[in-house]
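Take a look at the structure below.
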Protein chains: 2
Amino acid sequence: MSSESKLSISEHAALKAAREEFVSQWGALGSQWGINRTMAQIHALLMTAHQPITTDELMEELEISRGNAHTNVKELIAWGLVRTVVKRGERKEFFEAEKDVWEIARTVARERKRREIEPALGVLRDCVEKSREMQSTEAKEFNKQMRQLEEFVSFASKVADQVSAMKHGFAVQLAAKLLG
Amino acid sequence: MSSESKLSISEHAALKAAREEFVSQWGALGSQWGINRTMAQIHALLMTAHQPITTDELMEELEISRGNAHTNVKELIAWGLVRTVVKRGERKEFFEAEKDVWEIARTVARERKRREIEPALGVLRDCVEKSREMQSTEAKEFNKQMRQLEEFVSFASKVADQVSAMKHGFAVQLAAKLLG
DNA sequence: TAGAATTTTCAGAATAAAATGAAAACGTGA
DNA sequence: TCACGTTTTCATTTTATTCTGAAAATTCTA
């Protein structure tokens, strides 16, 4: 065995270890957000895969059941972060993740806006509306607080729109500006 | 009973209802994030309170136990969103929330950076480091992906810094610009 | 410093979320 | 249409999180 192939072997093992570290840590971080651990792990695995992966491979890599793998892959597809790939001559479905980080950011911005910001805006607008005509000091304070919160969440909503409409190049520019 | 005081009474009830709606919905929204329902509800209650509130009042308003109220108030204090108020002649502690929305945003930006962004950056830097010298195509792909993610999370970190250093007035300007 | 008021802790109970695995449904080629 | 490989569903189990309530610790007052 040549020294080069020895290197290859240890490098292969080290890469596998690094990737496993990423998958596992990313899963832990995900659950600190509202994201379920398995979903985050599957996403991490697919983001760092060099080729599309089947449900069976996910099950094996993460040591999870078929139902779990299936549900979470479908959830990632619903988010728009993963897509199905059909390979000719193969009956199984393969999955691959979007790898472009800015594309991922845009997708997440769009989805979080839809799932989190918009419902919050609804609640706030409702509260503003309900307390609009009230006369007491307390009611006026409440109305003011609700209006301020609404204004802020509305701002967040616009930011999400801007981000999700942002072209890759412009994002890089903006990043450079901010980081410089 | 004058018509004015009748109005007051129904207005009072309507305000109470609106506030309860806000507290309950805000709690539900919070749990969609990584935030526990009770903590979000306490925060909502304190944000819309016209005066500081005791643990016993929280317990009564939200129908929760002392332990629960205590733990979550302390957690809000740890986030920097709530502070203790001592009233002369009172042995009980009172709590009040920061009400300025931009101040809240700055605090949340600072804390989320510390709790979520920085650990993520740690993981990514570790993965970049570990795969830096590897030779195989797969390893190079992995390293590239990790570098791109690191760059992005680093950007998010800078944004968080900017926001948490932002003066109130500047935030309003920026908002106007973006909303216009 | 006793003792009363208040805060804090934490073991156990209750609840919510996630995972399993097997059955059902689906789709395809013979 | 049948048989087989695959995907999907979902009742049940497991795990994780949150909550309770009472005891312990702390703080204040007289």
TODO: Calculate the interatomic distance between B:Met59 atom CE and C:dT8 atom P; express it in whole Å.
DONE: 14 Å

Task: Value in whole Å for how far the C1' atom of D:dT8 lies from CD1 of A:Ile77 - done: 13 Å

Open item on the list: For A:Phe170 and A:Trp102: C-alpha separation, side-chain torsions, deciding distance, then whether ring pair (Phe, Tyr, Trp, His ring centres under 6.0 Å) applies.
Closed with: CA-CA 10 Å; A:Phe170 183 64; A:Trp102 277 104; 9.6 Å; no

Open item on the list: For A:Lys87, is the NZ atom crowded, meaning more than 12 foreign heavy atoms sit under 6.0 Å from it?
Closed with: yes

Open item on the list: Can you see if the side chain of A:His70 gets near the phosphate of D:dT7 - specifically, an N or O under 4.0 Å from OP1 or OP2?
Closed with: no

Open item on the list: What is the separation between atom CZ on B:Arg91 and atom P on C:dA4, rounded to the nearest whole Å?
Closed with: 11 Å

- [ ] Please report, rounded to the nearest Å, how far the C1' atom of D:dC19 is from the CD atom of B:Gln41.
- [x] 13 Å

Task: Distance, rounded to the nearest Å, where A:Gln32 contributes CD and D:dA16 contributes P - done: 15 Å

- [ ] Please state how far atom CD in A:Glu75 lies from atom C1' in D:dT8, giving the value in whole angstrom units.
- [x] 15 Å

Task: Chi angles and distances behind the side chain to side chain donor-acceptor pair (under 3.5 Å) call for A:Glu141, B:His50 - done: CA-CA 8 Å; A:Glu141 271 180 37; B:His50 48 292; 5.6 Å; no

Open item on the list: Rounded to whole Å, please give me the gap between CD in A:Glu90 and C1' in C:dG27.
Closed with: 16 Å

- [ ] Identify the residue among B:Thr55, B:Leu58, B:Thr84, B:Asn68 that makes a side-chain contact (heavy atoms from CB on, under 4.5 Å) with B:Val73.
- [x] B:Leu58

Open item on the list: Using a 4.0 Å heavy-atom cut-off to protein, can you give one letter per nucleotide of nucleotides 12-21 of chain C, 5' to 3': B if the base is in contact, S if only the sugar-phosphate is, - if neither?
Closed with: ------SSBB

Open item on the list: Tell me the interatomic distance from B:Lys74, atom NZ, to C:dC10, atom P, rounded to whole angstroms.
Closed with: 15 Å

TODO: Would you please classify the geometry between the B:Trp33 ring and the A:Trp33 ring as parallel, tilted or perpendicular, with 30° and 60° separating the classes?
DONE: parallel

Open item on the list: Would you say B:Trp79 ends up clustered with B:Leu46 if hydrophobic residues are merged whenever their side chains have heavy atoms under 4.5 Å apart, either directly or through other cluster members?
Closed with: yes

